[in-house]
Chemist: 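What follows is a single structure, and I will ask about it in a moment.
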Amino acid sequence: METNMRKQYIRTMEELSEKDERVITLLGDIGVFSFRSIKQKRDYQVHNLGIMEPASIGIASGLAREGYIPFFHTIAPFIVERAYEQLKIDFGYQCLCGNFVSVGASYDDGALGSTHYCPADVPALMQIPNMQIVVPGTAEETDCLIRSSYDNGYPTYYRLSTAVNSMSFNKKFGEAAVIKQGTKAVVLAVGPLLEPVLAAVRDMDVTVLYYTTVLPFDRKSLWEHCMGNKVLLCEPYYYGGLTNEVLKALNGQVLIDFIGVPHKFITSYGKREQIDADLGISAHEIVRKLQNLINREI
């Protein structure tokens with residue numbers, strides 16, 4: 001398996017395209033060379049549509065209506081923020097099967113600034129009924145989650161990142177994985193944030209639930225493993241996106257704190273790791289917030 005999510009995605013698409021003639025890759029003038037192997041073998045299965053993201057989503061919906069399975073791939077803000085209305089109407093409203101695979105995550109492209117940052121992608125897409133959202137933490141999880149859900153009849157967003165966990169734990173679509181069990185609180189870790197979570201809680205009496213599928217959200221696992229009704233929600237995008245799902249799972253009887261991207265414009269440049277540190281996304285901050293949460297009374 002690849003260690004890089006995007007390289008694994010390309011390899012996965014090469015294999016899916018060969019096995020399933022319904023699969024069509026649409027590109028927004030980004031990463032075109034990477035898909036040359038598919039293009040050379042089956043010309044009709046790869047199309048570079050250029051810089052016209054809203055129209056590209058419309059083309060994808062037309063393909064879906066005709067029985068094809070489209071994959072649209074480009075940088076996160078170009079999928080979500082430029083073409084939000086088309087995702088809502090062309091796919092969400094009609095509940096068509098389509099796949100939207102982004103790179104860049106919150107600020108993976110840290111040298112390019114706010115036009116290429118997109119910490120709002122997951123919270124925004126959660127507002128579109130019928131949209132499914134996948135946030136893998138490793139290349140292996142990326143491969144397994146795409147293969148198991150790409151043709152399930154729903155629009156699905158896959159959020160690829162340069163941040164990866166050192167081990168794969170959750171390759172089942174729609175299910176949380178129980179990584180650690182404890183009694184004082186639950187840490188809900190989404191995708192690549194599992195790595196700092198595990199570094200933080202090694203000696204703490206807490207449960208860790210790992211989610212690679214954000215929607216549909218696995219409420220059952222949270223309900224069954226939430227001891228003490230205290231939750232630290234760790235998300236690699238604007239934090240708080242899963243708050244309503246947590247409240248519904250626990251009937252509102254819960255104390256919640258958050259680790260993630262604060263709701264503000266990020267104007268700094270640099271490597272993702274440095275921006276994470278500047279925003280308090282770290283094992284040290286996870287420990288501090290957990291200790292405060294455990295000591296609070298409901």
Side-chain angles (χ1 to χ4, degrees), residues 1 3 5 105 122 133-145 148 159 161 163-237 239-243 245-251 253-261 273 276-277 279-298:
M1 279 289 177
T3 57
M5 288 190 199
V122 171
I133 301 173
V134 176
V135 184
T138 68
E140 184 179 12
E141 291 168 0
T142 300
D143 179 66
C144 293
L145 290 163
S148 64
R159 187 186 210 253
S161 176
V164 293
N165 300 322
S166 57
M167 295 180 62
S168 295
F169 288 97
N170 191 355
K171 296 173 284 187
K172 292 185 177 180
F173 180 83
E175 295 183 20
V178 182
I179 308 301
K180 185 178 187 293
Q181 291 187 284
T183 64
K184 301 296 185 183
V186 171
V187 183
L188 195 160
V190 176
L193 279 194
L194 181 63
E195 193 76 6
V197 164
L198 292 182
V201 305
R202 187 177 296 109
D203 300 318
M204 300 186 75
D205 183 16
V206 298
T207 292
V208 176
L209 296 180
Y210 177 43
Y211 284 79
T212 52
T213 305
V214 173
L215 288 181
F217 182 74
D218 181 2
R219 298 179 189 173
K220 183 173 181 287
S221 291
L222 180 57
W223 169 257
E224 291 176 345
H225 295 91
C226 189
M227 304 295 292
N229 280 32
K230 296 179 179 181
V231 175
L232 182 65
L233 182 51
C234 301
E235 301 167 284
Y237 38 80
Y239 67 70
L242 281 170
T243 301
E245 293 291 344
V246 171
L247 291 173
K248 289 175 183 177
L250 302 176
N251 297 319
Q253 301 176 11
V254 60
L255 281 176
I256 309 178
D257 205 348
F258 307 93
I259 290 286
V261 182
E273 294 86 352
D276 277 348
L279 298 177
I281 303 175
S282 66
H284 174 78
E285 189 66 6
I286 291 168
V287 170
R288 187 186 71 81
K289 290 203 170 188
L290 262 179
Q291 290 174 337
N292 289 342
L293 192 63
I294 290 169
N295 291 331
R296 289 169 59 189
E297 296 293 333
I298 296 180

Chemist: Looking only at non-hydrogen atoms, find the nearest pair between Glu235 and Leu242 and report the distance.
Modeler: OE2-N, 3.0 Å
Chemist: Once rounded to the nearest 0.5 Å, what's the spacing between atom CG of Leu233 and atom CG of Leu188?
Modeler: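 Here the interatomic distance stands at 5.5 Å.
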Chemist: For Val186, is there any backbone N or O sitting under 3.5 Å from a side-chain donor or acceptor partner on Thr207?
Modeler: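 Here the side-chain-to-backbone pair does not exist.
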Chemist: Check Val287 against Ala200 and note the closest heavy-atom contact, atom names and distance.
Modeler: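 It is CG2-O, 3.4 Å.
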Chemist: Let me confirm one number: the CD1-CG distance from Ile256 to Leu247, rounded to the nearest 0.5 Å.
Modeler: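 Going from CD1 on Ile256 over to CG on Leu247, the span is 4.5 Å.
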Chemist: Output the distance between atom CD (Gln181) and atom NE2 (His225), rounded to the nearest 0.5 Å.
Modeler: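 Gln181 atom CD to His225 atom NE2 measures 5.0 Å (nearest 0.5 Å).
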Chemist: Could you tell me the separation between the CD atom of Glu140 and the NZ atom of Lys171, rounded to the nearest 0.5 Å?
Modeler: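 It is 4.0 Å, given to the nearest 0.5 Å.
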Chemist: Strictly distance-based, threshold 3.5 Å: is any side-chain N or O of Glu195 a donor or acceptor partner for the main-chain N or O of Ser166?
Modeler: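 Judged by distance alone, yes, a pair lies under 3.5 Å.
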Chemist: How close do Pro192 and Val135 get, counting heavy atoms only, and between which atoms?
Modeler: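 For Pro192 versus Val135, the nearest heavy atoms are CD-CG1, 4.0 Å.
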Chemist: Counting C-beta onward and ignoring hydrogens, is there a side-chain heavy-atom pair between Asn170 and Ile179 closer than 4.5 Å?
Modeler: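 No, their side chains stay 4.5 Å or more apart.
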Chemist: Using every non-hydrogen atom in the two residues, find where Asn165 and Leu193 come nearest and quote the distance to one decimal.
Modeler: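 Residues Asn165 and Leu193, closest heavy atoms: OD1-N, 4.4 Å.
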Chemist: Mind checking what makes side chain to side chain donor-acceptor pair (under 3.5 Å) contact with Asp205, not counting sequence neighbours?
Modeler: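 By the side chain to side chain donor-acceptor pair (under 3.5 Å) rule, Asp205 matches Thr183.
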Chemist: Side-chain contact, heavy-atom cut-off 4.5 Å: Ile294 with Met204?
Modeler: yes
Chemist: Shortest non-hydrogen contact from Pro136 to Leu145?
Modeler: CB-CD1, 4.1 Å
Chemist: Quick one: pull up CG in Leu222 and CZ in Arg219 and give me the separation to the nearest 0.5 Å.
Modeler: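 With rounding to 0.5 Å, CG (Leu222) is 10.5 Å from CZ (Arg219).
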Chemist: For the pair Lys230 (side chain) and Leu255 (backbone), establish whether a donor and an acceptor sit closer than 3.5 Å, ignoring hydrogens and angles.
Modeler: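 A pair under 3.5 Å: no.
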Chemist: If the plane angle is over 60° it's perpendicular, under 30° parallel, otherwise tilted; pick one for Phe169 and Tyr210.
Modeler: perpendicular
Chemist: Once salt bridge (Lys or Arg N to Asp or Glu O under 4.0 Å) is applied, do any residues pair with Asp218, and if so which ones, sequence neighbours excluded?
Modeler: none
Chemist: Quick one: ring pair (Phe, Tyr, Trp, His ring centres under 6.0 Å) partners of Phe173, sequence neighbours excluded?
Modeler: none
Chemist: Does NZ belonging to Lys180 count more than 12 external heavy atoms closer than 6.0 Å?
Modeler: yes
Chemist: Please determine, by modelled atom types, if Glu175 and Ser221 share a side-chain donor-acceptor pair under 3.5 angstrom.
Modeler: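 Not at all, the side chains of Glu175 and Ser221 share no donor-acceptor pair under 3.5 Å.
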Chemist: Of all heavy-atom pairs between Leu290 and Ala185, which one has the smallest distance, and what is that distance?
Modeler: CD2-CB, 4.1 Å
Chemist: Could you walk me through whether Met167 and Leu198 pass the side-chain contact (heavy atoms from CB on, under 4.5 Å) check?
Modeler: CA-CA 11 Å; Met167 295 180 62; Leu198 292 182; over 6 Å; no
Chemist: So do Arg159 and Tyr237 actually touch side chain to side chain, heavy atoms under 4.5 Å?
Modeler: yes
Chemist: Among Val187, Leu232, Val231, which residue meets the side-chain contact (heavy atoms from CB on, under 4.5 Å) test with Leu293?
Modeler: Leu232
Chemist: Is it the case that Glu245 and Tyr211 place a side-chain donor and acceptor less than 3.5 Å from each other?
Modeler: no
Chemist: For Tyr239, is the OH atom crowded, meaning more than 12 foreign heavy atoms sit under 6.0 Å from it?
Modeler: no
Chemist: Examine distances only and state if a side-chain atom of Glu141 and a backbone atom of Ser168 form a donor-acceptor pair shorter than 3.5 Å.
Modeler: no
